Amino acid sequence: MMAGRVLTRFVNRSLLEVAVGAKGERIRGSNRFFRTSASWIVGALGSGRAAFLLGLPVLSGLSYQALRKLQSSAVVCALNKDEVLEQADYLYSCADTEKLYQLLLQYKDSEDAEFLWRLARASRDLSLLPDTDAGRKKQLTFEAFEYAKRALERDDKCFAAHKWYAICLSDTGEFEGVKVKIGNSYIIREHLERSIELNPKDATSLHILGYWCFAFAELPWYQRKVAAVIFSTPPTSTFEEALEFFLKAEKVDPNFYSKNLLMLGKTYMAMEDKEKALHWLTRAKEYPIHTLEDKEVHKEAVELLNQL
């Protein structure tokens, strides 16, 4: 049985950290493996405040035998599906993006959604590396979307396929203009909701959907007017709706992610509930720092606490 665990993370337009495993998805605790990834933007208008990002999976629990194979070979090889997927998830946890991509590229013609959504994830990760030039980035972005689309076509009951379809669709919007990007945001939400329906215990999808709601809830009035001109019925949401998803994520997996604690604090601030904002921002500030994103969350939490 594969030891898959998935992590999906958000931040502003700079960093995003996610861990996605094979059979279940949850965000790491302080003693779990982690990795960082880049960002994706949905529904950005004007200054880009209505934007949210997503990243990709981490996995631990690789068997000793599989680990030995990885350590002893520059090119990862496997004889069966489970072994390939374990190796792929291990490479993801190590952030060995190029080797992961080359491993999964061998299965680009597969009819198996488990290979395809991972290949979409790997293609996207490769596109986000700092040394990837603009032309290659665009190519990989649309390549990732095609793999995610095929994964969904092969298995529409796979919650990870719905999640990565939403992510990759959002990425393509960067190259297709604001109107397409806003229109896609409806589809993105639809697939995130379907992912949650298929796996209600996926805290990361709940967090992502909460961030989606928060982004559109805080959209300034003048950006709403711009959106209304470009798109007759732009997406809308409320802080109350965002709060519901953030709280559900925390209930599913308590203290799973520093960013979720921060967003709970920010949402309560927006709702002018100072007492609860102080509670969640304090928890975000005290969250153990393991990643650059945790450090950034800590810094923002301190700044917001000083404002309160």
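Small disclaimer: the values here were computed from a predicted structure and weren't measured.
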Taking the side chain as C-beta and beyond, is there a heavy-atom pair between [X] and [Y] under 4.5 Å?
X: Leu85; Y: Phe115; value: yes
X: Asp96; Y: Tyr90; value: no
X: Phe175; Y: Phe142; value: yes
X: Thr267; Y: Phe214; value: yes
X: Gln307; Y: Met269; value: yes
X: Leu281; Y: Val302; value: no
X: His279; Y: Thr282; value: no
X: Glu114; Y: Cys158; value: yes

Is it true that the side chains of [X] and [Y] contain a donor and an acceptor less than 3.5 Å apart?
X: Lys163; Y: Thr204; answer: yes
X: Tyr165; Y: Glu153; answer: no
X: Gln102; Y: Glu98; answer: yes
X: Ser258; Y: Asp294; answer: yes

Group every Ile, Leu, Val, Met, Phe, Trp and Tyr by side-chain heavy-atom contacts under 4.5 Å, then state whether [X] and [Y] land in the same group.
X: Leu105; Y: Leu100; value: yes
X: Leu261; Y: Ile289; value: no
X: Val180; Y: Ile188; value: no

What is the distance from atom [atom1] of [X] to atom [atom2] of [Y], rounded to the nearest 0.5 Å?
X: Ile196; Y: Leu209; atom1: CD1; atom2: CG; value: 4.5 Å
X: Lys108; Y: Tyr101; atom1: NZ; atom2: OH; value: 8.0 Å
X: Lys138; Y: Thr132; atom1: NZ; atom2: OG1; value: 15.5 Å
X: Phe159; Y: Glu197; atom1: CZ; atom2: CD; value: 13.5 Å
X: Arg194; Y: Asp156; atom1: CZ; atom2: CG; value: 6.5 Å
X: Asp82; Y: Gln87; atom1: CG; atom2: CD; value: 11.5 Å

Of all the heavy-atom pairs spanning [X] and [Y], show the shortest one and how long it is.
X: Leu169; Y: Thr172; result: O-OG1, 2.7 Å
X: Ser123; Y: Leu140; result: O-CB, 3.7 Å
X: Leu104; Y: Ala122; result: CD1-CB, 4.1 Å
X: Cys213; Y: Ser237; result: CB-OG, 3.1 Å
X: Asp171; Y: Thr141; result: CB-CG2, 3.7 Å
X: Phe216; Y: Pro235; result: CD2-O, 3.7 Å

- For His298, enumerate each residue passing the ring pair (Phe, Tyr, Trp, His ring centres under 6.0 Å) test, keeping only those at least two apart in sequence or located in another chain. none

- Note on the structure: Residues at least two apart in sequence or cross-chain that pass ring pair (Phe, Tyr, Trp, His ring centres under 6.0 Å) with Tyr147, listed by chain then number, are none

Should [X] and [Y] count as an ion pair when the cut-off is N to O under 4.0 Å?
X: Lys266; Y: Glu300; result: yes
X: Lys299; Y: Glu296; result: no
X: Asp89; Y: Arg118; result: yes
X: Asp112; Y: Arg154; result: no
X: Glu193; Y: Arg189; result: yes

- Sole residue of Asn199, Leu198, Leu206 in side-chain contact (heavy atoms from CB on, under 4.5 Å) with Asp202: Asn199

With a 3.5 Å distance limit and no angle check, can you tell me whether [X] reaches the backbone of [Y] through a side-chain donor-acceptor pair?
X: Ser195; Y: His191; result: no
X: Ser170; Y: Ala166; result: no
X: Arg150; Y: Ser110; result: yes
X: Lys201; Y: Val252; result: no
X: Asn80; Y: Glu83; result: yes

- salt bridge (Lys or Arg N to Asp or Glu O under 4.0 Å) partners for Glu250, two or more places apart: Arg283

- Task: Check the pair Asn255 / Tyr287 against side chain to side chain contact (heavy atoms under 4.5 Å, CB included), numbers first and verdict last.
- Result: CA-CA 8 Å; Asn255 210 43; Tyr287 193 91; 3.7 Å; yes

- Answer yes if the ring centres of Phe246 and His207 are under 6.0 angstrom apart, and no otherwise. yes

- Run the side chain to side chain contact (heavy atoms under 4.5 Å, CB included) check on Leu152 and Lys149 step by step: do they pass? CA-CA 5 Å; Leu152 201 55; Lys149 181 180 177 182; 5.8 Å; no

- Message: Under the criterion side chain to side chain contact (heavy atoms under 4.5 Å, CB included), I'd like the reasoning laid out for Leu126 against Arg136: C-alpha separation, chi angles, the key distance, then a yes or no.
- Response: CA-CA 9 Å; Leu126 199 59; Arg136 179 66 169 151; 4.0 Å; yes

- Starting from the C-alpha separation in whole Å, work towards a yes-or-no answer on side chain to side chain contact (heavy atoms under 4.5 Å, CB included) for Tyr107 and Leu119. CA-CA 8 Å; Tyr107 303 91; Leu119 183 52; over 6 Å; no

